[in-house]
There are 2 protein chains.
Amino acid sequence: MVSMNRRDPVPQDVPGDAATPGTDGRGKRRSPLTSQIVLQAALELVDVEGLEALSMRRLGHKLDRDPMALYRYAANRDALLDGLTELLLDQWVISGAGPGDADWPWQDQLRQAAHGFRLLVLQHPHVMPLLVTRPLSTPLGLRPLGALRPLEQLLAVFTRAGFGPSGALHAYRAYYGFLIGHVINELEEFVVNPDEDDTGLRLGLHRLPAKDFPHLRRLASQLLDYDGQAELDQGITIVLRGLQSQLESPAGPQ
Amino acid sequence: MVSMNRRDPVPQDVPGDAATPGTDGRGKRRSPLTSQIVLQAALELVDVEGLEALSMRRLGHKLDRDPMALYRYAANRDALLDGLTELLLDQWVISGAGPGDADWPWQDQLRQAAHGFRLLVLQHPHVMPLLVTRPLSTPLGLRPLGALRPLEQLLAVFTRAGFGPSGALHAYRAYYGFLIGHVINELEEFVVNPDEDDTGLRLGLHRLPAKDFPHLRRLASQLLDYDGQAELDQGITIVLRGLQSQLESPAGPQ
DNA sequence: TCTCTCAATCTACACCGTAGAGTCTACGGT
DNA sequence: ACCGTAGACTCTACGGTGTAGATTGAGAGA
């Protein structure tokens with residue numbers, strides 16, 4: 001076994017913030033974990049070392065607990081992953097969903113929400129696969145509430161925009177589908193070795209046979225000065241324009 | 001409850017005869033594997049039992065070989081997964097990319113390609129996570145050629161449509177982003193237990209607190225008669241219309 | 001016959017998720 | 001002061017995983 005790693009002594013002594021049992025915790029016994037703490041540690045582990053590094057044993061080590069201690073806070077590893085996606089989705093702010101700010105144009109709300117989502121995912125790129133993968137194994141209604149809140153709020157925005165129930169659902173799908181597709185695209189084009197000189201080399205495009213990939217090879221420079229924010233903004237403009245035209249068309253949103 | 005999946009102590013002795021090599025040396029020595037055979041078997045395994053079931057040992061068992069024999073055809077498990085995504089992407093037919101059928105409108109080509117992609121993924125839903133996840137860890141130029149061919153062909157279509165290099169790239173991103181987003185959406189809404197009676201029950205929507213999720217709960221029936229093909233078609237219409245307007249605008253495709 | 005090469009196998013190691021049982025501590029009741 | 005209890009945690013063990021390294025065995029060519 002490796003030497004004990006104690007560089008990360010867990011923000012204890014903060015008993016007030018979570019629904020912890022009545023432990024005062026100033027004795028020799030460490031204050032108990034909470035699922036909040038566990039999930040936060042898991043997120044840090046994933047952010048720093050990637051998804052593969054998130055094992056119960058490694059997480060237990062990071063928290064200075066036996067791996068089995070984690071099973072009090074997550075039924076199993078899958079539940080831990082689900083918790084991570086919820087932790088992230090719950091941070092997605094969709095303003096304009098409440099009754100307060102109804103006067104703000106819905107297009108602007110959706111545009112801002114899209115940029116917020118993009119930034120959120122870019123801050124935790126390794127979690128992205130979870131956002132795609134985890135919901136696949138859970139029926140919609142059984143997902144954690146925190147993961148459904150964005151859906152509900154988006155439906156509210158579309159409803160206030162004038163869409164009927166069915167129209168709001170269609171609009172949501174077009175919107176969220178494009179959004180998640182864009183983020184995947186952006187992450188996939190992320191360059192791994194930004195300290196390379198030649199643009200072709202940096203992307204490895206030199207390897208491609210010129211005969212079979214003429215267009216791709218010509219794009220080296222354009223691929224490098226990729227502006228994800230502008231790209232998203234243009235795309236969202238297209239989608240919103242399309243949705244608006246649906247709203248105005250006679251065969252409208254019902 | 002959370003019992004593990006341990007009901008098959010000894011799987012069948014049948015060495016997955018699908019895709020057996022044609023040349024069967026009647027002698028004691030079996031004809032050697034090929035990476036084609038290995039990948040095909042891996043795909044079948046994933047299709048039938050899901051991604052988790054694809055382990056070197058299980059695949060070796062299916063092929064009636066020692067697990068280590070596979071390492072001659074795939075450097076490691078990750079390479080196997082990459083091979084799977086290539087195997088799938090390589091089946092994506094994008095007609096109109098060759099010089100022959102240039103007269104066919106590019107919008108129709110892209111629409112058909114989109115539907116083809118959707119059908120392809122629906123036939124292998126468990127592979128979808130790979131399509132999203134795998135390219136994240138490989139710089140664009142270093143991906144297998146089979147995985148880059150669709151990109152190149154789409155660029156060709158956009159170029160012939162009148163986009164300049166940079167415009168074609170933007171168009172590709174909007175198109176493919178929406179496409180992959182849609183498929184993710186569709187797979188996520190797939191209902192797991194279609195033998196349930198009540199629509200609310202089937203989706204688990206009854207669990208949601210009515211106060212916090214009014215819109216979502218109202219959508220039970222609409223969620224159930226989801227027509228992915230029509231949905232994709234509408235979305236692709238929106239995207240194509242947006243792209244075309246970019247083509248015609250003066251600040252156009254450059 | 002002897003050797004070379006390829007395909008496949010055998011053995012072993014470190015790691016993984018997690019079931020089941022045991023341990024330690026603080027607290028409430030008496 | 002004592003005990004019982006319940007909660008938080010730890011120990012041990014089992015079967016699974018990817019894969020490095022050494023080994024086998026069967027043609028092909030000399």
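Chain A is the first sequence line, chain B the second, and so forth, proteins listed ahead of strands; every chain is numbered from 1. Computed from a predicted structure; not experimentally measured.
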Interatomic distance, [X] [atom1] vs [N] [atom2] [rounded to whole Å]:
X: A:E52; N: D:dG18; atom1: CD; atom2: P; value: 12 Å
X: A:L63; N: D:dT10; atom1: CG; atom2: C1'; value: 15 Å
X: B:R77; N: D:dT19; atom1: CZ; atom2: P; value: 8 Å
X: A:L59; N: C:dC15; atom1: CG; atom2: C1'; value: 16 Å
X: A:R58; N: C:dG17; atom1: CZ; atom2: P; value: 11 Å
X: A:L80; N: C:dC16; atom1: CG; atom2: P; value: 14 Å
X: A:L51; N: C:dC16; atom1: CG; atom2: P; value: 14 Å

Got a sec, which pairs hit salt bridge (Lys or Arg N to Asp or Glu O under 4.0 Å) with one end in residues 116-127 of chain A, sequence neighbours left out?
->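 As it turns out, the salt bridge (Lys or Arg N to Asp or Glu O under 4.0 Å) pairs with a partner in residues 116-127 of chain A, which skip direct neighbours, are A:R118-A:E186.
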DNA chain C: stems of at least 3 consecutive Watson-Crick or G-U pairs, cut-off 3.5 Å?
->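 Looking at DNA chain C, the stems formed by three or more consecutive pairs are C:1-30 with D:1-30.
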Dump the pairs, protein N or O against N or O of nucleotides 9-11 of chain C, anything under 3.5 Å, distances to one decimal.
unit_1: C:dT9; atom_1: OP1; unit_2: B:R30; atom_2: NH2; d: 3.2
unit_1: C:dT9; atom_1: OP2; unit_2: B:D66; atom_2: N; d: 2.3

May I ask you to verify if any side-chain N or O of A:Y73 is less than 4.0 angstrom from the OP1 or OP2 atom of D:dC9?
->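 Yes, because at least one side-chain N or O of A:Y73 sits under 4.0 Å from OP1 or OP2 of D:dC9.
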Confirm from the modelled atom types if B:R57 and D:dG16 form a donor-acceptor pair under 3.5 Å, side chain to base only.
->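 There is none.
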Does A:R72 make a side-chain donor-acceptor contact with the base of D:dG7, cut-off 3.5 Å?
->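 Not at all, since no donor on one side and acceptor on the other fall under 3.5 Å apart.
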What nucleotide among D:dG18, C:dA7, C:dG17 has an atom nearest to a side-chain atom of B:M56?
->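 Closest nucleotide among those given: D:dG18.
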May I ask you to say whether B:E86 pairs ionically with B:R143, meaning some side-chain N is under 4.0 Å from a carboxylate O?
->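 Between B:R143 and B:E86 there is no salt bridge, as every charged N stays at least 4.0 Å from the carboxylate O atoms.
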